[in-house]
Protein chains: 2
Amino acid sequence: MDSLLKRINLEIAAIGGKRSRSRAQVIEVFFRTGPHATLEDLTHAVRKRNRSVGYATVYRTMKLLAKLGYAKELDFGDGPKRYESNLESHHDHLVCQECGLVSEFQEPRIESLQEQVAKQHGFLPTMHRLDIYGLCRQCALAGKKEN
Amino acid sequence: MDSLLKRINLEIAAIGGKRSRSRAQVIEVFFRTGPHATLEDLTHAVRKRNRSVGYATVYRTMKLLAKLGYAKELDFGDGPKRYESNLESHHDHLVCQECGLVSEFQEPRIESLQEQVAKQHGFLPTMHRLDIYGLCRQCALAGKKEN
DNA sequence: CTATACTATGATAATGATTTTCAAATTCAC
DNA sequence: GTGAATTTGAAAATCATTATCATAGTATAG
Ligand SMILES: [Mn+2]
Ligand SMILES: [Mn+2]
Ligand SMILES: [Zn+2]
Ligand SMILES: [Zn+2]
């Protein structure tokens, strides 16, 4: 974690930035917090440590992390964007429309088929987003019982 | 087209709604317009026929069509939502980050792998969204020439 | 250490898109 | 037609994101 922060600060310096306490706190909270957190989630979490950190700083820090490739912005179509670490390996998402639960999966065969599709279209892919919406196990069972 | 409108009006009546001229015009324009249109696009198109139709009516009509399953809302992460007919067969999208071109593809093997993934997680899927972002053929070639 | 030149910050305002409100118009069953 | 209902257009409200700006903090040179 400390070495990660150091590495990030180096990259920030490399593009003409300076370090800052607030930003370091945001970064640390982000990597310690569970995945799929909103800016509001992160702001609250940071403020537990340092009451004076503003929403704008969280916003700017997350944009910065996204630009540097350390964070990913997710949008599940409902409320505000969510953020997750980009250090873990790539995965896609199952989103429960009932309870909001977001779970993750990897399926290399889907990934490679996507590459094929892109190639067939002369398309140069840089990223993709695959979200499957529906009912998680819990909510699916709850729904069945009702009938 | 006329029979489609009739069918939709029946469904509207079934949920306690009434018909209306403006709404019929919006619906007709929607199904005649190319895919991936924004509310603004649709509003402009409708107004060419009937100056007095308001944005709110287009908004409400598209929400209604989406609820009834005739339209799909798309969000490619940049500007406003886009709408497409849900009468055609299912497909996913390739979105060019340079010129905005949106093209479509079908890949049954991806579809069935998604089913498998969902099943493995005890997840009951209702829909999914797969968008591949990158450079379309044109923009990819233009980019190469620059180097 | 101090001055100075810069970046980062927090509060607030601006923006952009979506959604709601409300009085007036339209539809429809009687 | 009449009356109870839904629908409408314009405008306002909401919501998330992004920009602005005066102040605070950071790095660097002397
Ligand atoms: Mn995830
Ligand atoms: Mn499409
Ligand atoms: Zn659930
Ligand atoms: Zn392109």
Side-chain angles (χ1 to χ4, degrees), chain A residues 5-6 8-30 36-44 46-68 71-83, chain B residues 5-6 8-29 36-68 71-83:
Chain A
L5 189 55
K6 248 171 214 158
I8 293 173
N9 273 330
L10 275 179
E11 288 190 41
I12 289 172
I15 59 178
K18 302 183 174 175
R19 18 175 110 219
S20 94
R21 166 164 285 279
S22 306
R23 186 159 55 197
Q25 289 172 326
V26 174
I27 294 175
E28 194 171 330
V29 163
F30 167 61
H36 318 144
T38 65
L39 283 181
E40 215 190 324
D41 295 337
L42 292 169
T43 303
H44 272 95
V46 173
R47 285 215 173 120
K48 284 193 181 163
R49 297 196 181 187
N50 179 351
R51 290 295 250 81
S52 76
V53 175
Y55 180 93
T57 295
V58 180
Y59 165 77
R60 286 182 287 231
T61 300
M62 294 314 300
K63 281 289 176 204
L64 181 60
L65 287 183
K67 193 174 72 164
L68 297 180
K72 260 174 130 167
E73 292 187 321
L74 308 176
D75 182 354
F76 296 132
D78 53 336
K81 289 203 183 91
R82 290 161 187 282
Y83 289 86
Chain B
L5 189 54
K6 249 172 216 156
I8 293 173
N9 274 330
L10 274 179
E11 288 191 42
I12 290 172
I15 59 177
K18 302 181 174 176
R19 14 175 113 223
S20 96
R21 165 163 286 280
S22 306
R23 186 160 54 198
Q25 290 172 326
V26 173
I27 293 175
E28 195 171 329
V29 163
H36 317 146
T38 64
L39 283 182
E40 216 190 324
D41 295 338
L42 293 168
T43 303
H44 273 95
V46 173
R47 287 217 171 119
K48 284 193 181 161
R49 298 193 179 188
N50 178 350
R51 290 294 249 86
S52 77
V53 175
Y55 180 94
T57 296
V58 180
Y59 165 76
R60 285 182 286 230
T61 301
M62 294 314 301
K63 281 290 175 203
L64 180 61
L65 287 183
K67 193 173 72 164
L68 297 180
K72 260 173 128 165
E73 293 187 321
L74 307 176
D75 182 354
F76 296 132
D78 53 338
K81 288 203 182 92
R82 292 162 185 283
Y83 288 86

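Naming convention: chains lettered A, B, ... in sequence-line order (proteins, then strands); numbering from 1 in each chain. Predicted, not measured: the structure shown is a model, and the values here were computed from it.
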Is a donor-acceptor pair below 3.5 Å formed from side chain B/K18 to base C/dT27, judging by atom type as modelled? yes

Does any donor-acceptor pair link the side chain of B/R60 with the base of C/dT21 at a separation under 3.5 Å?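 Yes, the side chain and the base share a sub-3.5 Å donor-acceptor pair.
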
Checking the side chain of A/N9 only, and the main-chain atoms of A/K6 only, is there a donor and an acceptor separated by less than 3.5 Å? no

Rounded to whole angstroms, how far apart are CD1 on B/I27 and C1' on D/dT7? 13 Å

Rounded to the nearest angstrom, tell me the gap between atom CG in B/L39 and atom C1' in C/dT20. 15 Å

Take atom CZ in B/R47; do more than 12 heavy atoms of anything else shown fall under 6.0 Å from it? yes

Please check if atom CD in B/E40 has more than 12 non-hydrogen atoms from other residues, nucleotides or ligands closer than 6.0 Å. no

What contact category does A/G16 fall into here, base, sugar-phosphate, or nothing, at under 4.0 angstrom with non-hydrogen atoms? sugar-phosphate

Looking at every strand, decide which applies to B/R19 at a 4.0 Å heavy-atom threshold: base, sugar-phosphate, or nothing. sugar-phosphate

Can you see if the side chain of [X] gets near the phosphate of [N] - specifically, an N or O under 4.0 Å from OP1 or OP2?
X	N	answer
B/Y59	C/dT19	yes
B/S22	D/dT7	no
B/S20	D/dT6	no

DNA chain C: B/R21 or A/T61, which has the more 5' nearest nucleotide?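 Here A/T61 is the residue nearer the 5' end.
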
Toward the 5' end of DNA chain C, which comes first, A/A24 or B/R82, by nearest nucleotide?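 Closer to the 5' end of DNA chain C: A/A24.
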
State which of D/dT17, D/dA10, C/dT9 makes the closest approach to the side chain of B/A56. D/dA10

Minimum heavy-atom distance between A/L64 and A/R23, given as atom pair plus value: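 Taking A/L64 first and A/R23 second, the nearest heavy atoms are CD2-NH1, 3.7 Å.
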
